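Please read these numbers as outputs of a predicted model, since none were measured by experiment.
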Amino acid sequence: MSLLVVGLSHRSAPVSVLERAALSADAQVKLVQDTVAAEPATEAAVLATCNRIELYADVDKFHAGVAELSTLLAQHSGVGLEELTPYLYVHYEDRAVHHLFSVACGLDSMVVGEGQILGQIKDALAKAQDQHSAGRLLNDLFQQALRVGKRAHSETGIDRAGQSLVTFGLEQLAAGGDVRTWAAGRRALVIGAGSMSSLAAATLARAGVAEIVVANRTFERAERLAGILTEGDDTSAAARAVRMDDVAAELTRADVVVSCTGATGLVLTAQAVAQAVEGRTTGRPVADSGPADAPAAPIAAGPPTGAGTDENCPLDLAAVQGATGFSVLGEAAVAGLDAATLEQHAAWVDNGTVDRRERTAPEADAELITALAATVATVGRVPERRRPEPVAGFARPAPSLFLLDLAMPRDIDAAVHRLAGVRLVDIESLAEASADAPMAADVDQVRRIVSDEVAAFGAAQRAAHITPTVVALRTMAADVVAGEIARLDGRLPDLDERQRGEIRQAVHRVVDKLLHAPTVRVKQLAAEPGGAGYADALRTLFDLDPETVAAVSRAGDSTDEKDRPA
């Protein structure tokens with residue numbers, strides 16, 4: 001059997017795909033169950049975080065395993081296999097081990113060096129153990145990954161390069177300024193009471209916010225988190241819990257909002273945020289924000305777009321005119337268009353149906369259309385842009401409401417990026433910002449640790465693979481000795497007990513000495529790359545019963561499970 005991982009992450013897939021592929025807790029359980037029920041796999045575990053979904057399995061066939069795991073990921077994520085496949089990565093055997101160890105050290109995280117991934121790996125292992133889907137390989141792998149991650153953080157300065165996603169997000173909200181200075185005296189609303197929300201609440205409290213309001217669908221969990229924050233000795237922030245029905249009213253009073261729930265739909269629509277901003281400026285009560293799928297509120301007013309009304313325009317001019325800062329000539333206006341519609345739009349621009357006050361220089365138009373056409377040729381459509389284009393003479397007001405969305409799928413409508421007076425940082429924003437983040441010098445040292453640990457893990461696994469064969473060989477030898485001693489007792493019944501003991505010890509010493517050097521050497525050879533064949537050689541040379549070897553292996557797995565730490 002061999003280790004295989006199939007997955008996707010922020011490095012391989014856009015956030016929009018990760019968001020759609022996100023697995024609920026129930027879906028993760030079902031995915032693991034279906035994986036171990038599939039023919040190629042005997043063990044399985046899922047590592048699902050806000051920026052990665054990975055399925056680990058012990059498989060007996062590589063190609064069949066890749067096909068089966070990819071299909072199962074597509075089925076349980078709800079994203080079609082054909083659409084999902086371009087974003088999937090596959091790691092096998094040592095490369096799979098190297099990948100998980102790198103993940104555990106924070107080298108593959110959106111924020112390099114962050115330590116929260118260790119808790120997520122521990123949770124993934126615990127869930128697999130609860131479902132009895134983690135056998136010897138995955139138990140050894142994930143526990144070793146936890147040790148490697150802890151070693152990286154204790155022996156290097158990777159913590160100086162890394163930070164939690166929460167801290168990084170708050171730094172982005174503070175626009176690179178000091179988070180404590182930015183947060184001091186503000187009022188915060190935390191939506192959700194899970195591990196990420198709890199970390200956000202604690203971080204805000206330590207940063208010096210004046211008040212933290214916790215909202216959660218289970219009110220008791222919100223109360224529990226608020227109580228923990230209130231009892232903390234290192235903060236002076238007041239904390240209280242509210243029900244989800246009170247979020248709209250609290251949104252009007254909050255300065256900072258952090259949301260990280262397990263909801264499958266939007267928790268905050270653009271309309272709800274727009275109404276909250278209006279309530280902050282007018283002091284009027286916030287109206288009912290309506291259901292999550294309600295249309296977004298009109299965007300704050302800005303300069304007119306000067307759009308024409310020619311019937312050949314492929315755009316929804318009413319919608320474009322209502323979107324502040326969006327030029328009918330710009331990329332934001334044509335986001336999502338296919339090649340044919342983009343060509344129609346280009347012809348409409350060339351025909352001069354737009355108010356010339358809106359028009360840029362013809363050469364600029366040509367350059368824009370050429371760039372967009374090249375994009376369409378590559379990805380099939382013009383990619384969506386959530387942020388408005390800069391508009392001459394129109395400066396966005398300084399934000400008065402700051403929102404951090406750490407959920408996957410997203411909790412806060414991406415259209416909030418367009419609202420004046422609001423700054424939204426979400427997973428996509430963090431991915432863009434982290435791409436330019438400096439790498440610490442300690443990263444190279446962590447990479448060396450990972451490489452060493454991968455080699456050690458591989459050697460240990462190869463050595464462990466031959467152990468059942470060695471045990472079966474020694475068991476067979478002991479049985480031969482016992483049989484010969486019994487035969488000797490029958491032939492020499494007059495021997496006293498002391499003589500029998502001396503003969504028995506002499507025979508055992510001879511057998512042990514004959515087997516010692518070969519068994520020690522075969523374990524050493526088996527630990528080296530390509531040493532898997534030595535177990536087969538032993539079984540063939542000594543005519544060992546394969547079922548006896550398998551029984552020893554099963555007994556070892558049973559002992560490992562019983563003695564495994566919680």
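For H76, the ring pair (Phe, Tyr, Trp, His ring centres under 6.0 Å) criterion is met by no residue, not counting sequence neighbours. T71 pairs by the side-chain contact (heavy atoms from CB on, under 4.5 Å) definition with Q75, L81, not counting sequence neighbours. Checked against side-chain contact (heavy atoms from CB on, under 4.5 Å), E68 has the following partners two or more places apart in sequence or in another chain: A38, P40, L72. Listed by chain and residue number, nothing satisfies the ring pair (Phe, Tyr, Trp, His ring centres under 6.0 Å) test with F219 (two or more places apart in sequence, or in another chain). Residues meeting the side-chain contact (heavy atoms from CB on, under 4.5 Å) test with S24, sequence neighbours left out: D26, A27. Considering only residues two or more places apart in sequence or on other chains, S197 meets the side-chain contact (heavy atoms from CB on, under 4.5 Å) condition with V190, C260.
Ion pairing of K30 with D34 is present here, as a side-chain N (NZ or NE/NH1/NH2) and a carboxylate O approach within less than 4.0 Å. Taking a cutoff of 4.0 Å between a charged side-chain nitrogen and a carboxylate oxygen, E211 and R186 do not qualify as a salt bridge.
Taking 4.5 Å as the limit, some side-chain heavy atom of M244 sits within range of a side-chain heavy atom of V267. In this structure, the side chains of L430 and Q172 come closer than 4.5 Å at one or more pairs of heavy atoms. Using a 4.5 Å cut-off on side-chain heavy atoms (C-beta onward), V46 and K127 make no contact. Within the 4.5 Å cutoff, the side chain of V214 has no heavy atoms near those of the L189 side chain.
In this model, no donor atom of one side chain and acceptor atom of the other lie less than 3.5 Å apart for Q445 and T156. Counting only N and O atoms by type, the side chains of E54 and Y89 include a donor and acceptor under 3.5 Å apart.
Within a 6.0 Å sphere centred on CZ of R217, other residues, nucleotides and ligands contribute 12 heavy atoms or fewer.
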Note to self: Between T261 and D411, does the side-chain hydrogen bond (donor to acceptor under 3.5 Å, both in side chains) criterion hold? Intermediate values first, please.
What the structure shows: CA-CA 7 Å; T261 73; D411 278 348; 3.0 Å; yes

Notebook entry, point to check: side-chain hydrogen bond (donor to acceptor under 3.5 Å, both in side chains) between T49 and Q120: does it pass, once the steps are laid out?
Noted result: CA-CA 7 Å; T49 72; Q120 293 164 331; 4.7 Å; no

Check: Could you go step by step and tell me if L173 and R423 meet the side chain to side chain contact (heavy atoms under 4.5 Å, CB included) rule?
Finding: CA-CA 7 Å; L173 284 182; R423 177 176 295 156; 4.2 Å; yes

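The nearest pair of heavy atoms linking C50 to L165 is SG-CD2, 3.4 Å.
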